[in-house]
> 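Let me give you the structure first, and then I'll get to my questions.
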Amino acid sequence: MTEDLLDLAVDLATRAGALVLAGRDAAGAGRTGLNPAAKSTPTDVVTEVDRAAERFLVGELRRLRPADAILGEEGGEHADGYGSGVRWLVDPIDGTVNFLYALPQYAVSVAAEVDGTVVAGAVHNPATGETYRAGAGGGAWLTAPGRPERRLAVTGCADLPQALVATGFGYAAAARARQAQVAARLIPRVRDIRRLGAASLDLCYLAAGRIDAYYEQGLHAWDYAAGGLIAAEAGAVRTGLRGRPAGDDLYCATGPALADAFFGLLEDTGAADL
Ligand code: IPD
């Protein structure tokens with residue numbers, strides 16, 4: 001069953017990605033062609049392309065798997081299915097601000113849960129053609145145009161001063177100010193910080209060894225469901241600190257060699273207190 005869910009996740013993320021890229025190209029180089037509208041705050045935007053890509057994902061899931069439930073970033077919960085115990089978590093464009101500015105760091109994220117546990121996930125970046133995928137117990141994999149398929153593994157970085165750490169910031173100004181304080185305490189202790197702009201890709205980059213660690217406060221399940229499984233299948237350790245699982249409040253992940261030091265540092269910076 002996991003294989004079927006994973007194949008469908010990859011197929012849907014790739015086809016939705018083609019729609020997203022076509023929408024970006026049709027809008028030209030600027031931002032106004034995308035008609036961005038404010039969501040939770042003036043800086044949190046949604047475009048007609050986000051909505052169209054989500055309509056496509058939900059429509060295909062309804063057609064192909066009518067007994068499943070769906071949770072989507074732009075459409076909320078479609079729980080009328082759920083006779084099957086399967087729920088899909090879809091983000092039609094993770095990294096919408098990058099998409100708006102034509103920065104090639106955005107992704108379609110599709111994950112499938114069975115009885116509340118994520119078992120399959122795909123993250124596709126239409127701007128680069130990279131597709132990350134994982135099924136529970138089957139490892140994490142990357143395909144990219146013109147490159148051989150690659151099994152992913154987190155880095156063996158064991159030393160905080162050598163660690164490249166990615167994070168992100170929420171859209172609400174007050175939360176962002178607190179998150180900036182945590183980042184300011186962290187920067188002197190690590191190699192550097194990256195704010196790349198798409199949480200799903202941050203987690204895939206952790207899986208691919210492109211960064212050593214990642215943390216963020218205030219995510220939503222559709223941001224991390226697929227990327228979190230991909231990171232875990234590449235060997236990442238995940239936590240929400242203080243005995244809590246990684247989740248909406250706080251999502252921390254790194255390779256096992258750095259885990260104690262990194263999670264300890266995050267505790268010291270007050271990351272768990274927000
Ligand atoms: C956002 C991105 C960003 C993260 C924000 C998310 P969206 O998702 O993943 O990297 O820092 O917390 O909301 O809004 O572009 O789908």
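Remember, it's 1-based here, ligands and their atoms both numbered in the order they're listed. As the structure is a computational prediction, the values presented were derived from the model and not from experiment.
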> Is Tyr132 linked to Leu229 within one hydrophobic cluster, defined over Ile, Leu, Val, Met, Phe, Trp and Tyr using a side-chain heavy-atom separation of less than 4.5 Å?
no
> Any nitrogen or oxygen of Val97, main chain or side chain, under 3.5 Å from a nitrogen or oxygen of ligand 1?
no
> Please identify which atoms of ligand 1 are closer than 4.0 Å to at least one heavy atom of Asp223.
8 (O)
> Starting at CG of Leu164, measure out to CZ of Arg191 and round the result to the nearest 0.5 Å.
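Separation between the atoms: 7.0 Å.
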> Cut-off 3.5 Å, side chains only: do Tyr215 and Gln179 have a donor facing an acceptor?
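Not at all, the side chains of Tyr215 and Gln179 share no donor-acceptor pair under 3.5 Å.
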> Which atoms from ligand 1 have a heavy atom of Ile93 less than 4.0 Å away?
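Every atom of ligand 1 under 4.0 Å from some heavy atom of Ile93: 16 (O).
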> Minimum distance, heavy atoms only, to atom 2 (C) of ligand 1: which one of Thr43, Val46, Asp94, Leu100 is it?
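Nearest heavy atom to atom 2 (C) of ligand 1 lies in Asp94.
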> Trp222 near ligand 1, heavy-atom distance under 4.0 Å?
no
> Consider side chain to side chain contact (heavy atoms under 4.5 Å, CB included). Of His220, Glu113, Arg87, which one does Leu71 pass it with?
Arg87
> Considering only protein heavy atoms, which is closest to atom 11 (O) of ligand 1, and at what distance to one decimal place?
Glu216 OE2, 2.5 Å
> Is there a heavy atom of Arg195 sitting under 4.0 angstrom from any atom of ligand 1?
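Yes.
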> Report, in ascending order of atom number, the atoms of ligand 1 lying under 4.0 Å from any heavy atom of Phe169.
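Reading through ligand 1 atom by atom, the close ones are 11 (O), 12 (O).
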> Provide the closest heavy-atom pair for Val10 versus Thr14 in the form atom of the first, atom of the second, distance.
O-OG1, 2.6 Å
> Below 4.0 angstrom from a heavy atom of Tyr171, which ligand 1 atoms are there? Numbered from 1 as shown, please.
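Counting from 1, the qualifying ligand atoms are 1 (C), 7 (P), 13 (O), 14 (O), 15 (O).
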> Quick one: is the NZ or CZ of Arg238 closer than 6.0 Å to the six-membered ring centre of Tyr251, and within 45° of its axis?
no
> With a cutoff of 4.0 Å, is Asp50 in contact with ligand 1, counting heavy atoms of the residue only?
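Contact absent.
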> For ligand 1, which part of Glu73 has a heavy atom less than 4.0 Å away: the side chain, the backbone, both, or neither?
side chain
> Nearest 0.5 Å, please: how far is CD in Gln217 from CG in Leu250?
5.5 Å
> For ligand 1, does Leu219 get within less than 4.0 Å through its side chain, its backbone, both, or neither, judged by non-hydrogen atoms?
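Leu219 to ligand 1: side-chain contact only, backbone stays beyond 4.0 Å.
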> Quick one: do Asp273 and Arg242 make a salt bridge, cutoff under 4.0 Å?
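The answer is yes: the pair qualifies as a salt bridge.
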> Go through ligand 1 atom by atom and flag the ones less than 4.0 Å from a non-hydrogen atom of Ala199.
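Taking each heavy atom of Ala199 in turn, ligand 1 has 2 (C), 9 (O), 10 (O) under 4.0 Å.
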> Using a strict 4.0 Å cut-off to heavy atoms of Asp91, name the atoms of ligand 1 that fall inside it.
16 (O)
> Below the 3.5 angstrom mark, is there an N/O of Thr96, backbone or side chain, next to an N/O of ligand 1?
yes
> In ligand 1, which numbered atoms sit nearer than 4.0 Å to a non-hydrogen atom of Gly168?
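With Gly168 as reference, the close atoms of ligand 1 come out as 11 (O).
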> Do we see a donor-acceptor contact under 3.5 Å between the side chains of Thr131 and His124?
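Note: Thr131 and His124 side chains meet the donor-acceptor criterion.
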> For residues Pro256 and Val237, report the shortest heavy-atom separation together with the two atoms involved.
CA-CG2, 3.7 Å
> Please could you name the atoms of ligand 1 that Gly197 approaches to less than 4.0 Å, counting only its heavy atoms?
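Per the distance check, 2 (C), 3 (C), 10 (O).
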> Between atom CG of Leu12 and atom OG of Ser109, what is the distance when rounded to the nearest 0.5 Å?
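The OG atom of Ser109 is 12.0 Å from CG of Leu12, to the nearest 0.5 Å.
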